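Following: one structure in structure tokens, then a few remarks.
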Amino acid sequence: MNNPDRAQNNVLRGKWKLLERLVEGNEDTLPDTAEADKIQRKREYEAFNRKLGELKFGKYAFFLNYGYVQNDNPSFAKVTPRESDFDANSRRLVYEVIGDCPLDDLDVVDVSCGRGAVSIAVQGHFRPKSYLGIDLSSEAIAFCRGHRQMPNFQFEEGDAESLQLANESRDVVINIESSHNYPRIGKFFHECFRVLRPGGWFLYTDLLAPSAFDRHTQLLQAIGFTKTRDADITSNVLLACDETAERRMAVYTDSAERSYMADFLAAPGSETYHAMEQGLLCYRLFTFRKITHNS
Ligand SMILES: C[S@@+](CC[C@H](N)C(=O)[O-])C[C@H]1O[C@@H](n2cnc3c(N)ncnc32)[C@H](O)[C@@H]1O
């Protein structure tokens with residue numbers, strides 16, 4: 001792997017594989033390790049979802065993202081969540097990602113839908129023609145199917161790198177805080193382009209090393225996407241972690257579990273949080289359009 005950030009980021013290695021994945025970027029996993037990586041990821045998320053299922057509040061845990069808190073950065077969200085929502089910051093991140101994409105009457109696919117964050121956030125505010133949530137975790141999909149959804153909302157187990165969707169069958173692809181999990185991210189980007197109709201929207205956000213975003217952007221543009229929005233929202237996400245992570249951490253009492261979860265939730269003091277503070281990791285939000293001469 002030829003990654004210019006590697007030496008600089010040695011300091012971050014060792015404790016948890018996720019952090020390693022984030023700082024190194026993930027588009028150049030060797031083919032023979034890619035499938036094993038994916039199986040491992042699936043195992044982690046199945047276990048995580050089962051754990052949430054055992055907790056008292058688990059049935060309300062729809063949102064798995066770090067969240068977003070408004071500061072001086074320009075905001076594009078058209079919806080403001082109620083402050084009383086305990087998951088208001090995570091909802092806010094979803095509305096920022098959607099930004100000025102109309103969604104109404106459009107066919108939307110949410111790749112790595114997790115426990116239904118986007119499906120919950122859009123209800124009552126947007127009326128997509130159809131919504132399909134796809135996730136690698138069967139536990140997550142079972143959870144999504146188990147709570148009340150709009151009739152035109154569906155959930156399927158599936159892999160971001162190989163979407164079981166027809167060419168040019170969707171208007172919007174949403175991908176929130178998940179792409180760092182994909183061993184062959186280039187395959188995912190090609191799939192996004194393939195399933196989008198001309199004029200379609202790819203609404204994308206994640207936490208990665210700055211150099212990984214540069215490579216991803218180049219790749220997306222080489223595939224044919226046009227970038228229409230690119231925002232560094234690390235400071236907004238850190239503010240959300242300040243507010244939210246400690247509260248989420250309170251449910252974990254076992255010390256090993258607390259250490260694992262602190263990084264997972266980017267709790268203040270965790271390595272993930274420090275890496276964001278120091279600029280080794282950056283949370284970026286993009287809109288890409290599939291603009292063709294016919295669209
Ligand atoms: C941090 S969660 C984010 C979930 C959701 N987008 C949200 O905002 O709450 C990352 C999700 O990516 C999913 N995932 C990981 N690898 C995947 C893959 N190859 N294909 C589809 N989903 C995947 C995991 O199962 C998990 O639900």
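These numbers were taken from a predicted model, which means no experiment stands behind them. Each ligand, and each atom within it, is numbered from 1 in the order the structure gives.
Taking only nitrogen or oxygen atoms, main chain and side chain alike, Asn65 reaches within less than 3.5 Å of ligand 1. Between Ala160 and ligand 1, a contact under 3.5 Å exists for at least one N or O pair. For ligand 1, none of its N or O atoms has an N or O atom of Ala140 under 3.5 Å away. Between Phe63 and ligand 1, a contact under 3.5 Å exists for no N or O pair. In terms of N/O distances under 3.5 Å, ligand 1 is not approached by Arg41.
For ligand 1, the atoms sitting less than 4.0 Å from at least one non-hydrogen atom of Gly114 are 4 (C), 27 (O), numbered in the order shown with element in parentheses. Which parts of ligand 1 touch Ala117 is read off a 4.0 Å heavy-atom cut-off, strictly below it: atoms 7 (C), 8 (O), 9 (O). Residue-ligand proximity, Cys113 to ligand 1, at heavy-atom distances under 4.0 Å covers atoms 5 (C). Taking every heavy atom of Gly158 and a limit of under 4.0 angstrom, the matching atoms of ligand 1 come to 20 (N), 21 (C).
Side-chain atoms of Arg289 come within 3.5 Å of backbone N or O of Gly199 as a donor-acceptor pair.
If you check which protein heavy atom lies closest to atom 15 (C) of ligand 1, you get Asn181 CB, 3.5 Å. Nearest protein neighbour of atom 6 (N) of ligand 1, counting heavy atoms only, is Ser112 O, 2.9 Å. Of all protein heavy atoms, the one lying nearest to atom 9 (O) of ligand 1 is Leu64 N, 2.7 Å. Nearest to atom 1 (C) of ligand 1 among the protein's heavy atoms is Glu177 O, 3.4 Å. The shortest contact between atom 19 (N) of ligand 1 and any protein heavy atom is with Asp159 OD1, 3.0 Å. With hydrogens left out, the protein atom closest to atom 10 (C) of ligand 1 is Ser178 OG, 3.3 Å, a heavy atom. The closest protein non-hydrogen atom to atom 18 (C) of ligand 1 is Tyr182 CE2, 3.6 Å.
More than 12 heavy atoms of other residues, nucleotides or ligands lie within 6.0 Å of CZ in Arg229, so this atom counts as buried by the packing criterion. Shown here is Lys227, whose NZ atom has more than 12 heavy atoms of other residues, nucleotides or ligands within 6.0 Å. Atom CG of Asn167 sits in a crowded spot, with more than 12 heavy atoms from other residues, nucleotides or ligands closer than 6.0 Å.
The shortest separation from a heavy atom of Ser90 to ligand 1 is not under 4.0 Å, leaving the residue out of contact.
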Working for ring pair (Phe, Tyr, Trp, His ring centres under 6.0 Å), residues Phe189 and Phe225: CA-CA 10 Å; Phe189 291 153; Phe225 277 112; 8.0 Å; no

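Contact check for Asn89 versus Glu243: side-chain heavy atoms found under the 4.5 Å cut-off. Between Glu168 and Leu196 there is no side-chain heavy-atom pair separated by less than 4.5 Å.
Between Arg92 and Glu83 there is a salt bridge, since a side-chain N of the basic residue sits under 4.0 Å from a carboxylate O of the acidic one.
For atom 25 (O) of ligand 1, the nearest non-hydrogen atom from the set Asp135, Leu136, Leu163 belongs to Asp135.
Test Lys187, Arg184, Arg41 against Glu161 for salt bridge (charged side-chain N to carboxylate O under 4.0 Å, His left out) and you get one pass: Arg184.
A cation-pi geometry, defined here as NZ or CZ lying under 6.0 Å from the six-membered ring centre and within 45° of its normal, does not hold between Arg145 and Phe155. Cation-pi geometry between Lys290 and Phe193 is satisfied (NZ or CZ under 6.0 Å from the ring centre, within 45° of the ring normal).
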